[in-house]
Amino acid sequence: MFKYSVSNWIYGDEKLEDTMKRLSKFGFDGIELMGEPDFYNPDEINSLCEKYGLEVLSIAGIYTKGRDLSHPDESERKSAKDYLKKCIDFAVKVKTDVIIVVPTEVGRTKPCEDLSKWLDESKRQFDFAVESLKEIAPYAESKGVFLAIEPINRYETFLINTAEEAMKLCEAVGSSAMKIHLDTFHMNIEEKNFYDPFIMVKDLLVNVHIADSNRQAVGYGHTDFRSMVKALKEINYQRALALEPLPPVPNPYLAVKLGLYKELWDEYAKVSIERLKKLEEEV
């Protein structure tokens, strides 16, 4: 049986209790918290989880400027490592064991301006990411927390785009804390299908983001969720499917920030979990 959650960053500044009410109403098992430890009171989170019968299933790291584990500037990398350590401490306090990690600043789509140096610089910055994670991983191990590498699409990062590349990064770090998180929206762009990548990373997979090909709710695009469910059942995956659907606008991040399309929040949550549970029964 899969567990079902929603990544709460898609609800903007909505009160956490209002989010948990929604998830409880539609039969979710838990919540994925936005990785901003300073925004939260862990005691309040634990109390709300108990009240609504939920658990924190993962933390979605937020990799903005100053949180870039692969950046050529050593001070940028130090800032990113400090952030990740803070997220690990936060994870322990809210009783979860998964932090999603993107090893670059999201939106940094090239390693340098000079195309002739692109390959060499990409390799150098991959090595910086390995170095950063080798420093952080023992701390994560000591706290019982997994660092789940997320491949994201080429329009949002130049470094880790596929499940295979995520595996190579985990192997290079060589820590039991290193795991993988896959996202169906990014897979729709970068992977050949929705079956093979899950089989490939089976021993490392600890979390999955769910959004359709157009980044909307399940069934609103053309993603082959049936193949995904088939693969997940074959590898006996029993962790979270974390919904991350966004509004149907050119800049969904802005829509979230401005609190637009709130009328879709219940609809997307309800439709997505119903369709995924139906597939889980059928496949």
Side-chain angles (χ1 to χ4, degrees), residues 1-63 83-102 139-148 150 177 179-184 205-211 217-218 232 237-246 256-257 259 262 264-277 280:
M1 293 287 291
F2 308 143
K3 293 185 176 183
Y4 293 91
S5 68
V6 173
S7 194
N8 78 323
W9 75 266
I10 68 171
Y11 298 139
D13 294 331
E14 180 179 64
K15 290 181 180 178
L16 190 57
E17 182 161 12
D18 290 341
T19 298
M20 291 201 180
K21 283 180 183 177
R22 176 183 303 108
L23 303 192
S24 179
K25 178 171 67 172
F26 293 126
F28 286 86
D29 302 291
I31 187 170
E32 177 178 277
L33 291 175
M34 177 174 62
E36 295 292 358
D38 293 340
F39 289 5
Y40 298 110
N41 179 329
D43 291 336
E44 178 188 8
I45 290 169
N46 294 332
S47 177
L48 287 172
C49 282
E50 184 175 353
K51 180 177 179 179
Y52 291 102
L54 301 169
E55 56 184 319
V56 179
L57 293 173
S58 51
I59 292 172
I62 306 297
Y63 299 95
Y83 164 72
L84 203 45
K85 284 181 179 177
K86 184 178 286 191
C87 283
I88 292 168
D89 291 338
F90 177 60
V92 172
K93 291 175 183 176
V94 296
K95 305 172 187 176
T96 191
D97 64 354
V98 175
I99 299 171
I100 299 168
V101 177
V102 177
Y139 188 69
E141 286 181 33
S142 73
K143 299 293 185 178
V145 173
F146 297 129
L147 305 177
E150 178 179 18
K179 301 295 181 182
I180 289 175
H181 159 95
L182 294 182
D183 183 310
T184 58
L205 188 68
V206 293
N207 204 56
V208 180
H209 271 167
I210 300 291
V218 173
L232 291 176
Y237 180 77
Q238 297 180 12
R239 283 179 170 267
L241 302 182
L243 297 181
E244 202 184 31
L246 293 167
V256 166
K257 186 175 182 179
K262 288 184 177 181
L264 292 176
W265 291 352
D266 277 11
E267 176 188 335
Y268 277 7
K270 180 176 185 294
V271 166
S272 293
I273 193 172
E274 286 177 351
R275 290 176 175 172
L276 289 169
K277 284 188 171 181
E280 189 177 2

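Predicted, not measured: the structure shown is a model, and the values here were computed from it. Counting from 1, the numbers follow the sequence of the chain as shown.
- In this structure, the side chain to side chain contact (heavy atoms under 4.5 Å, CB included) partners of Glu14, at least two apart in sequence or on a different chain, are Tyr11, Asp18, Thr19, Arg22, Trp265.
- Listed by chain and residue number, Lys3 satisfy the side chain to side chain donor-acceptor pair (under 3.5 Å) test with Glu55 (two or more places apart in sequence, or in another chain).
- For Tyr237, there are no side chain to side chain donor-acceptor pair (under 3.5 Å) partners, not counting sequence neighbours.
- Here Met34 contributes atom CE and Ile59 contributes atom CD1; the two are 11.5 Å apart, rounded to the nearest 0.5 Å.
- Of the residues listed (Ile100, Val98, Val101), the one engaging Leu147 in a side chain to side chain contact (heavy atoms under 4.5 Å, CB included) is Val101, and it is the only one.
- Annotation: the span from Ile99 atom CD1 to His181 atom NE2 amounts to 13.0 Å, rounded to 0.5 Å.
- Smallest separation of non-hydrogen atoms from Val206 and Ala148: CG2-CB, 3.7 Å.
- A distance of 12.5 Å separates OG1 in Thr96 from CD1 in Ile88, rounded to the nearest 0.5 Å.
- Counting heavy atoms from C-beta on, the side chains of Ser5 and Leu23 never come closer than 4.5 Å.
- Ala242 approaches Asn207 most closely through the heavy-atom pair CB-ND2, 4.4 Å.
- For the ring pair (Phe, Tyr, Trp, His ring centres under 6.0 Å) test, no residue two or more places apart in sequence or in another chain qualifies with Phe146.
- Looking at residues two or more places apart in sequence or on another chain, you find a side chain to side chain contact (heavy atoms under 4.5 Å, CB included) between Lys277 and Tyr4, Ile273.
- The NE2 atom of His209 lies 10.5 Å from the CG atom of Leu241; values are rounded to the nearest 0.5 Å.
- Residue pairs that meet the salt bridge (Lys or Arg N to Asp or Glu O under 4.0 Å) test with at least one member in residues 28-39, sequence neighbours left out, are Glu36-Arg67, Asp38-Lys86.
- Leu57 approaches Ala240 most closely through the heavy-atom pair CD1-CB, 3.9 Å.
- Here Phe2 pairs with nothing under the ring pair (Phe, Tyr, Trp, His ring centres under 6.0 Å) rule; sequence neighbours left out.
- Residues Thr184 and Ala211 come closest through the heavy atom pair OG1-O, 2.6 Å.
- Looking at heavy atoms from C-beta onward, Leu33 lies in side-chain contact with Ile31 at the 4.5 angstrom threshold.
- With sequence neighbours excluded, the residues satisfying salt bridge (charged side-chain N to carboxylate O under 4.0 Å, His left out) with Lys25 are Asp266.
- Residues passing the ring pair (Phe, Tyr, Trp, His ring centres under 6.0 Å) test with Tyr268, sequence neighbours excluded: Tyr220.
- Using a 4.5 Å cut-off on side-chain heavy atoms (C-beta onward), Leu232 and Leu205 make contact.
- Checked by atom type and distance alone, the side chain of Asn46 pairs as donor or acceptor with a backbone atom of Lys93 at under 3.5 Å.
- Taken from NZ in Lys15 to NZ in Lys21, the straight-line distance is 9.0 Å, to the nearest 0.5 Å.
- With rounding to the nearest 0.5 Å, the separation of SG in Cys49 from NZ in Lys95 is 8.5 Å.
- Looking only at side-chain heavy atoms (C-beta outward), Glu244 and Asp183 come within less than 4.5 Å of each other.
- Minimum heavy-atom separation, Ser272 to Leu243: CB-CD1, 3.5 Å.
- Listed by chain and residue number, nothing satisfies the ring pair (Phe, Tyr, Trp, His ring centres under 6.0 Å) test with Tyr52 (two or more places apart in sequence, or in another chain).
- The shortest heavy-atom contact between Val271 and Val218 is CG1-O, 3.8 Å.
- Here salt bridge (Lys or Arg N to Asp or Glu O under 4.0 Å) pairs that include residues 42-54, with residues two or more places apart or in two chains, are Glu17-Lys51.
- Applying the ring-ring contact (aromatic ring centres under 6.0 Å, His included) test to pairs two or more places apart or on separate chains, those with a residue in residues 25-44 are Tyr40-Phe90.
- Under the 3.5 Å distance criterion, the side-chain polar atoms of Asp97 are left unmatched by any main-chain donor or acceptor of Gly144.
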